Amino acid sequence: SGSAEPMDLLHQASYHLKKIPLSHHYRSNHPDLIAFSNKHIYNNQLKAYPSFKSEKPIQHMFCEKGVFVNRQNEVEAKEIAKEIEVRLNHKNSVGIVAFSEEQLNCIWNNLSAKTQGKLTARLDENTAFFKALENVQGDECDHLLISFGFSKNEDDELHHRFGPMNTVNGRKRLNVLVTRAKESISFYCSIKST
């Protein structure tokens, strides 16, 4: 009926209809871009098509001096802001995602007025997106820039409060995020996995 909520329809469909797993990934031009989700979400069932480009599509941008103060990482925001300025001078689409609204605001505040204007124009043209992790859904871009933001505080302590990642849907949000890029991902963070 017309009164059913979208979630109810999806729930009913998943209960009554045959499940057919996703097997081909068409967005990303390099298998490395989908490798994390393929391994941890899809049990290596996805087929991604390799591109002819030889460079590595994922870059880890470690911001050694980043500190998490007042729910923001200014050092990391400044680093990603420099890259945003460069990316906006090219025609390729760009996505910028921070793991929190506070970090997204910090990045915005570290962009020059000129770059803010360029980014606003690109947002209006739908050739860029600028979002916090929890708002990413259905977006895609050529180049994805991610700011993790979380790191040790000024007392050299690392708290394991990672915003939307700590919620029940954190795994799904991460999967959506890391599958947005067609060409490359640059991941900015101030901590190492160790």
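Not measured: the values here are computed from a predicted model. Heads up: numbering here begins at 1 and tracks the sequence.
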Do you reckon [X] sits in the same ILVMFWY cluster as [Y], going by side-chain contacts under 4.5 Å, direct or chained?
X      : Y      : result
Phe129 : Leu145 : no
Val75  : Tyr188 : no
Leu133 : Ile58  : yes
Phe187 : Ile84  : no

Quick one: does [X]'s side chain get under 4.5 Å of [Y]'s, heavy atoms only?
X      : Y      : answer
Gln137 : Val176 : yes
Lys118 : Asn89  : yes
Val97  : Asp139 : no
Arg87  : Cys141 : no
Cys106 : Arg71  : no

Going through the distances and angles, do Glu101 and Asn135 end up as a side chain to side chain donor-acceptor pair (under 3.5 Å)?
CA-CA 10 Å; Glu101 286 285 349; Asn135 299 322; 3.1 Å; yes

Could you tell me the separation between the [atom1] atom of [X] and the [atom2] atom of [Y], rounded to the nearest 0.5 Å?
X      : Y      : atom1 : atom2 : result
Arg180 : Leu144 : CZ    : CG    : 9.0 Å
Ile107 : Glu83  : CD1   : CD    : 12.0 Å
Ser190 : Lys65  : OG    : NZ    : 12.5 Å

Do His159 and Asn153 pass the side chain to side chain contact (heavy atoms under 4.5 Å, CB included) test, and can you show the C-alpha distance, the side-chain angles, and the key distance before you say yes or no?
CA-CA 8 Å; His159 298 283; Asn153 62 21; 3.5 Å; yes

Non-hydrogen atoms of [X] and [Y] that approach each other most closely:
X      : Y      : result
Ala128 : Leu123 : O-CD2, 3.4 Å
Phe62  : Lys192 : CE2-CE, 3.7 Å
Phe99  : Leu177 : CE1-CD2, 3.7 Å
Ser100 : Ala132 : C-CB, 4.0 Å
Val178 : Ile185 : O-CD1, 3.9 Å

Does His90 have any side-chain contact (heavy atoms from CB on, under 4.5 Å) partners at least two apart in sequence or in another chain, and if so, which?
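Here the qualifying residues are Val86.
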
Before accepting this row, confirm whether a basic side-chain N of the pair Glu85/Lys82 lies closer than 4.0 Å to the acidic partner's carboxylate O.
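No salt bridge links Glu85 with Lys82.
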
Using 30° and 60° as the class boundaries, would you call the ring planes of Phe68 and Phe150 parallel, tilted or perpendicular?
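Because their plane-to-plane angle lies in the 30° to 60° range, the rings of Phe68 and Phe150 count as tilted.
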
Just do the side chain to side chain donor-acceptor pair (under 3.5 Å) check on Asn73 and Gln103 with the steps written out, would you?
CA-CA 7 Å; Asn73 186 328; Gln103 185 65 11; 5.2 Å; no

Check: Glu76 side chain, Phe148 main-chain N or O, donor-acceptor pair, under 3.5 Å:
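Yes, because the side chain of Glu76 sits within donor-acceptor range (under 3.5 Å) of the backbone of Phe148.
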
Please check this pair: side chain of Glu183 against backbone of His143, looking for a donor-acceptor N/O pair closer than 3.5 Å.
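Not a single qualifying donor-acceptor pair exists.
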
Whether over 12 other heavy atoms sit under 6.0 Å from Lys131 NZ
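It does: Lys131 NZ has more than 12 such atoms within range.
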
Quick check on Asn70: does its CG atom have over 12 non-hydrogen neighbours (other residues, nucleotides or ligands) under 6.0 Å away?
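It does not: Asn70 CG has 12 such atoms or fewer within range.
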
